[in-house]
Structures are given as structure tokens and as C-alpha cells.
Amino acid sequence: QVQLVESGGGLVQAGGSLRLSCAASGRIFSINSMGWYRQAPGKQRELVASISSGGDTNYADSVKGRFTISRDNAKNTVYLQMNSLKPEDTAVYYCNANWRGEYYRAYVPIWGQGTQVTVSS
């Protein structure tokens, strides 16, 4: 069974930093894109950052210059380094990966369980 396990959330003061990690496990043959999304209370889930298997990155305008996404392909792990955190960054952060098994051509998405990030003012 393929799953994503996230870690690293918590409570931090404004201006502080946190690092999220997300490790994929199971019978994975290949992962193309990986990313982080977030959902604040009463709001829709939104893309924070994504990274391709080749390392191309994409960021939401609201986090550019503050957050950095990276991945370790050998470990099937993606990271999100969050600096200069603001109260508006408070949300549940979800990891996402598009993976496929050895005998399948199509990539399918999978989600982590979510980790809470709370930034106090």
C-alpha cells in the first residue's frame, strides 16, 4: 500500500521557521511531481509549491522568496522549508505526489494526512 507520511508541523511565532517533510512508501516504481498544498479554515485547498522529478519548481505568489521546496528522489521524500512565517500561513499542510506502479503507465495522485502549521502574531 502506497502512502505519504508528513512531519514537521507545529506552532511558531511570526518570523520564525519550520521545515516540513513528506516521505512516500510502498510499491512505488516512479514519482513525477510532488508538492505541498494548504487549507485554512473556511478556505479552499491551494497549491503552495510543487517540484518535478527533474527539480523544476513552482510557487504560489504568497510564498515566493520565503518558502523553498526540495526533494530527495532516492528517498521518495519532499521537503518544504518555510521561513519568515506569517499568521496568514496558518493552515493544514498536505503533501501530494503523483506516482505509478511498475506495470502501470498512468500516474495517480496520493495525499498525505495533513500536518497543522500555526503561526502566532
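The shown structure was predicted, so the numbers you read here are calculated from the model rather than taken from an experiment. Numbering starts at 1 and runs along the sequence shown.
Under the side chain to side chain donor-acceptor pair (under 3.5 Å) criterion, no residue pair touches residues 4-14, with sequence neighbours excluded. Pairs engaging residues 48-62 under the salt bridge (charged side-chain N to carboxylate O under 4.0 Å, His left out) rule: Asp61-Lys64 [sequence neighbours left out]. Each ring pair (Phe, Tyr, Trp, His ring centres under 6.0 Å) pair with one or both residues in residues 55-87, not counting sequence neighbours, would appear here, but there are none. Evaluation of the salt bridge (charged side-chain N to carboxylate O under 4.0 Å, His left out) test over residues 71-84, restricted to residues two or more places apart or in two chains, returns none.
Each of Thr57, Val48, Val63, Asn58 was compared with Ile69 under the side-chain contact (heavy atoms from CB on, under 4.5 Å) criterion, and only Thr57 meets it.
Applying the side chain to side chain donor-acceptor pair (under 3.5 Å) test to Ser30 and every residue at least two apart in sequence or in another chain returns Tyr107. The side chain to side chain donor-acceptor pair (under 3.5 Å) check on Ser62 picks up Arg38, with sequence neighbours excluded. In this structure Gln3 satisfies the side chain to side chain donor-acceptor pair (under 3.5 Å) test with no other residue, sequence neighbours excluded. In terms of the side chain to side chain donor-acceptor pair (under 3.5 Å) criterion, residue partners of Ser17 (sequence neighbours excluded) are, by chain and number, Asn83. For Ser84, the side-chain contact (heavy atoms from CB on, under 4.5 Å) partners at least two apart in sequence or on another chain are Arg66.
Rounding to the nearest 0.5 angstrom, the gap separating the CD atom in Glu46 from the CD atom in Gln39 is 9.5 Å.
Judged purely by atom type and a 3.5 angstrom limit, Asn73 uses its side chain to pair as donor or acceptor with the backbone of Ser53.
When all heavy atoms of Ala49 and Leu80 are compared, the closest pair comes out as CB-CD1, 4.3 Å. Among all heavy-atom pairs drawn from Ile28 and Ile31, the shortest one is CG2-CG1, 3.6 Å.
Through chains of ILVMFWY side-chain contacts below 4.5 Å, Val92 is grouped with Tyr37, Leu47, Tyr94, Trp111. Here Val5 sits alone; no ILVMFWY side chain lies under 4.5 Å from its own, so it joins no hydrophobic cluster.
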Under the side chain to side chain contact (heavy atoms under 4.5 Å, CB included) criterion, do Asn96 and Trp36 qualify, and how do the steps go?
-> CA-CA 6 Å; Asn96 166 268; Trp36 290 94; over 6 Å; no
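Both Leu4 and Val108 belong to a common hydrophobic cluster when Ile, Leu, Val, Met, Phe, Trp and Tyr are linked at side-chain heavy-atom distances under 4.5 angstrom.
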Report, one line per pair, each donor and acceptor closer than 3.5 Å where one atom sits in a side chain of residues 114-121; sequence neighbours left out.
residue: Thr115; atom: OG1; partner: Gly9; partner atom: N; Å: 3.4
residue: Gln116; atom: NE2; partner: Ala91; partner atom: O; Å: 3.4
residue: Gln116; atom: NE2; partner: Thr118; partner atom: OG1; Å: 3.3

